There are 2 protein chains.
Amino acid sequence: MQNPAFFAAPEPTKVNDAPSPSAESPAKALKKRWILNAFDMASAGHVSPGLWKHPDDRSTTKHDLEYWIKLAELLERGKFNSVFIADVLGCYSVYGNSLDAATRTGAQWGVDDPMVIVSAMAAGTNNLSFGVTHSVTYDAPYALARRFSTLDHLTRGRVGFNLVTSYLDSAARNFGLEQQIEHDERYIRAHEYIEVLYKLWLSSWREDAVVLDKERDVYAEPDRIRKIHHKGKYFNVEGPSIVEPSPQGLPLLYQAGSSSSGLGFGARHAEAVFMSGPSPQKIRSQVDALRSAAAQEGRDPQSIKVLCQQLIIVDETDEKAQAKLAEYEALASREGAKVLFGGWLGQDLAEYGPDDDLREVGPPPLAGVVRGFAAIYPEVTKWTADALADKIKLGGMNKPVVGSAQIVADKLEEFVEVADIDGFNFAYAITPGSFEDIVEYLVPELQRRGVHWSDYPTREDGKPLTAREGLYGVGQEKLRDDHYAAKYRWKAGEEAPALE
Amino acid sequence: MQNPAFFAAPEPTKVNDAPSPSAESPAKALKKRWILNAFDMASAGHVSPGLWKHPDDRSTTKHDLEYWIKLAELLERGKFNSVFIADVLGCYSVYGNSLDAATRTGAQWGVDDPMVIVSAMAAGTNNLSFGVTHSVTYDAPYALARRFSTLDHLTRGRVGFNLVTSYLDSAARNFGLEQQIEHDERYIRAHEYIEVLYKLWLSSWREDAVVLDKERDVYAEPDRIRKIHHKGKYFNVEGPSIVEPSPQGLPLLYQAGSSSSGLGFGARHAEAVFMSGPSPQKIRSQVDALRSAAAQEGRDPQSIKVLCQQLIIVDETDEKAQAKLAEYEALASREGAKVLFGGWLGQDLAEYGPDDDLREVGPPPLAGVVRGFAAIYPEVTKWTADALADKIKLGGMNKPVVGSAQIVADKLEEFVEVADIDGFNFAYAITPGSFEDIVEYLVPELQRRGVHWSDYPTREDGKPLTAREGLYGVGQEKLRDDHYAAKYRWKAGEEAPALE
């Protein structure tokens, strides 16, 4: 279950009314360059269930490599930073205590393994990165470290790792447990897990260990490789890593937890944090808390990049975009939305009747979430389960931004300003249609406004831009020095760092 | 540790002397069509350590997708069945009780994760298949089932799974264990593991569960999906599989164990068994035992395909091939060979002095293995550790076959005949050079002799040939009916089979 408090009614805030210095500034150069990711999932639909039925949707072709390769090429044309792939390890079976509705609607079910898709997308692109979600709850750290290091090699430094701890009981039951490990303990375990990863990735091979010295017949220098001998509460791992040091050393670290343990984890470990919430104001308070916690970890609070999930419906004109919205709403699945909500919030909407107002009859976490929605949609007077589902079925827990490029860009600029975020994970209604619209209509407008680069920055060595450089600029392919794990880096020519 | 008995001296046999009916037959049509795989590993060298130093070797570029994509394209030009990728989960640290020698020689160290490489190769090819080695000892069956089902989708049915139980203590120590699970117990556990895989792959979704019925707004039929509720000694897995039924239903099943538990496992589960040994005669006795055990499982003994590892050094003329052999021998690493031998056999060759004859001073398993080699190489009079390593350093435990296409083809035909095998996993000395030579010189000769197809068979629906069809012919993309797990298939339109 995600943190319900996060979705509760927004606190009163004046942020939106206060004049913002950068909003008043005409100087394009002062504007922050946004990070733009496309948000997808290896299933027939992601946060807009039911749209697999749309004649232009290609969701149901995701078993084919062609889908992924064409998507990656499209996003690279739009100069996106990354394609960011969500994931789960079980089915959404909270709704009606059954997986029937997920099956019927295809709501994030089935789900292919995103890790094995990436290399085909990498082969067809040069600068696009790949953010892959992977749970640390069920896979051994040694195997996970290996998979990501390999992908970092194969993509030439273009891989990111969205570390999640999983939130579905159905997933736990696929891995021999009766139910999930308790939420806070999952994070304690995750802290140890990522320590193991750091040691394997950064400290078991010196960055210049592989020398390929033909004269001396030496492939790699034995004294530049060591075991890590990690012995902890949850893991015993001898090491060293089985993969040679990769371009970035470790994948770009994403994280998405919005609970307090999740936030503490992100403040220490994440380079980019993914957030979603019903309003920019609500997100702002989370962002402030995150940046402040990052500062307490000794990090530049601006170095932790915050991305928000956002569905965009954009077209040549506002009218055309509104027409698309109507078209999508007609095909989106109310039942599918209830299925997803059950998984995300752990609340079963099947328990409520057609006349129940969830603000009144729901238990505290559910009622709070619905009051959050009520503040965003004042036109809805009765918040039945159906009414709630209708507000979720397109784009998930965020209100879609709809209109011409001008209108959408205005709203996004306001969003960035109010919430103090660094960019977006754009969700789709139909794929690749929603992304095609963004590339065709919105990207040029964002480029005109100076918030999106006109092209990828180029490296002097002609190699592809790495995922980390996409966030921090050319030259920053390794971890920043103010990051918690920088202490583990066994740099070329240096002594091995301590392992505790 | 692999089974040392397998490498022991060959039993006296008359097979080689007896006239073989098919050898006498001039009818090309009667000849068995061979299965040809290329044997590689995601490391700088596989069974010929040290050859990364050769100017034409591209082993050290395996971190780049270009290496794999070009290799796949080459193999498809040669109409190979598969690229077969070996794997380990730790380093070879038996030799000298240290990983230093493996590091120095680069002997199968480091090793990228083969699973995440496949999709890039699949994107550039149509009919080539991919056999991927994966251990069942350290990954959860649910996650492994998912990864292979996804690859089966992405490759359109061109994936095979080489099931191994791992043989390195160093791997065990990377996964929280002090040492490996004991050999026979690993196989008992593997039997339960694969039962779980079968249930997930074949029995949790009916083959026609996904209907994509837009009229009825039904993505998949809920009554065609079920949990598997597996509860066993080692695994509790609820299911269903998270991945929709894939083209082959399950990957083509390879297996490589040559111990008696390994043989029993292969006889029941494997569709193709990978063998290596010092002589065709020695292999023949294993093949006979395997086919006979398969028959006892109710299978057509010829339906279990046996492939042998074989390094080929072929060129335009015998002289050129012999010159290549000398060139490779000069660069191959004797120390690297000792490293690999230590991992394969669990015997530390660093314990013996330069005058020790291993047939005399070695413990029984080692002495037996060396006597096996002595029977193959009568010209070697003293079997020191160095002498043994020199016979292993090119191509591993099998003697390389060297010469013109004519000579090589003759020897391979004899090998197939004597050993009653179905094809080869061709190892390389340098890569892709050794495979280029095979495609250029040997493949046309094998095609002329009618033992290699002139092109891939084509399916009526125009889709790629699946891995299983590559073994059994067009139309056999699902498991054969005489296979143990056929009982688990939940076929379109049928009742769900029992799960025990």
Side-chain angles (χ1 to χ4, degrees), chain A residues 42 44 50 52-53 60 63-65 69 89-91 99-100 103-106 109-113 115-120 122-124 138-140 142-143 146-147 149-151 153-154 170 173-176 212 214 217-222 225 235-244 333, chain B residues 42 44 50 52-53 60 63-65 69 89-91 99-100 103-106 109-113 115-120 122-124 138-140 142-143 146-147 149-151 153-154 170 173-176 212 214 217-222 225 235-244 333:
Chain A
W52 63 268
K53 300 187 297 294
T60 58
H63 294 314
D64 297 333
L65 284 173
I69 293 169
L89 285 168
C91 56
L99 59 88
D100 287 359
T103 300
R104 201 161 39 234
T105 61
W109 179 249
V111 191
D112 285 353
D113 186 336
M115 290 294 283
V116 298
I117 298 172
V118 171
S119 70
Y138 306 110
D139 265 19
Y142 184 81
R146 181 188 194 198
R147 234 167 275 144
S149 290
T150 301
L151 281 180
H153 278 298
L154 297 177
S170 64
R173 291 192 298 269
N174 289 322
F175 291 91
L212 305 182
K214 294 185 181 184
D217 199 2
V218 173
Y219 182 81
E221 298 286 359
I225 296 176
F235 306 103
N236 291 324
V237 181
E238 184 179 77
S241 170
I242 192 167
V243 183
E244 299 162 13
S333 169
Chain B
W52 61 268
K53 300 188 298 293
T60 59
H63 294 316
D64 297 332
L65 284 173
I69 292 168
L89 286 169
C91 55
L99 61 89
D100 287 1
T103 301
R104 201 161 39 235
T105 61
W109 178 251
V111 192
D112 285 354
D113 186 336
M115 290 294 282
V116 298
I117 297 172
V118 172
S119 70
Y138 305 111
D139 265 19
Y142 184 81
R146 181 189 193 196
R147 232 168 275 144
S149 290
T150 300
L151 280 181
H153 278 298
L154 297 177
S170 64
R173 292 193 297 269
N174 289 323
F175 292 90
L212 306 183
K214 293 185 181 185
D217 198 2
V218 173
Y219 181 81
E221 298 287 0
I225 296 176
F235 305 103
N236 291 323
V237 181
E238 184 179 78
S241 170
I242 192 168
V243 182
E244 299 161 12
S333 170

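Every chain is numbered from 1, with letters handed out A, B, ... down the list of sequences. What you see is a predicted model; the values in this text were computed from it and never measured.
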N174(B) (side chain) donor-acceptor with G239(A) (main chain) under 3.5 angstrom: yes
Option that, when pairs with chain A are counted at under 4.5 Å, heavy atom only, ranks first among V237(B), V218(B), V111(B): V111(B)
Under 4.5 Å from any heavy atom of chain B - which part of L99(A): side chain
Under 3.5 Å: donor-acceptor pair, side chain of S119(B), backbone of V116(A): yes
F235(A), part contacting chain B, at a heavy-atom distance under 4.5 Å: neither
Interface residue of largest heavy-atom contact number with chain A, from G176(B), G106(B), A220(B), under 4.5 Å: A220(B)
Chain B contact via A42(A) - which portion, at a heavy-atom distance below 4.5 Å: neither
Residue, of I117(A), D112(A), N236(A), that accumulates the most heavy atom pairs under 4.5 Å with chain B: D112(A)
Parallel, tilted or perpendicular, as decided by the 30° and 60° cut-offs, for the rings of Y142(B) and F175(A): perpendicular
Options I69(B), T60(B), V243(B), L212(B), ranked by heavy-atom pairs under 4.5 Å with chain A, top entry: L212(B)
Interface residue of largest heavy-atom contact number with chain B, from G90(A), A122(A), G50(A), under 4.5 Å: G90(A)
Residue, of D64(A), D113(A), D100(A), that accumulates the most heavy atom pairs under 4.5 Å with chain B: D113(A)
Side-chain donor/acceptor of Y219(A) to backbone N/O of W109(B), under 3.5 Å: no
Heavy-atom side-chain proximity of Y138(B) to D139(A) below 4.5 angstrom: no
Donor-acceptor contact below 3.5 Å, side chain R104(A) vs main chain E221(B): no
Non-hydrogen side-chain atoms of M115(B) and T150(A) separated by less than 4.5 Å: no
Minimum-distance pair of heavy atoms, taken over all atoms of K53(B) and K214(A): O-NZ, 3.4 Å
Contact origin within I225(A) toward chain B - heavy atom pairs under 4.5 Å: side chain
Heavy-atom pair count under 4.5 Å with chain A, highest-scoring of A140(B), P240(B), S333(B), C91(B): P240(B)
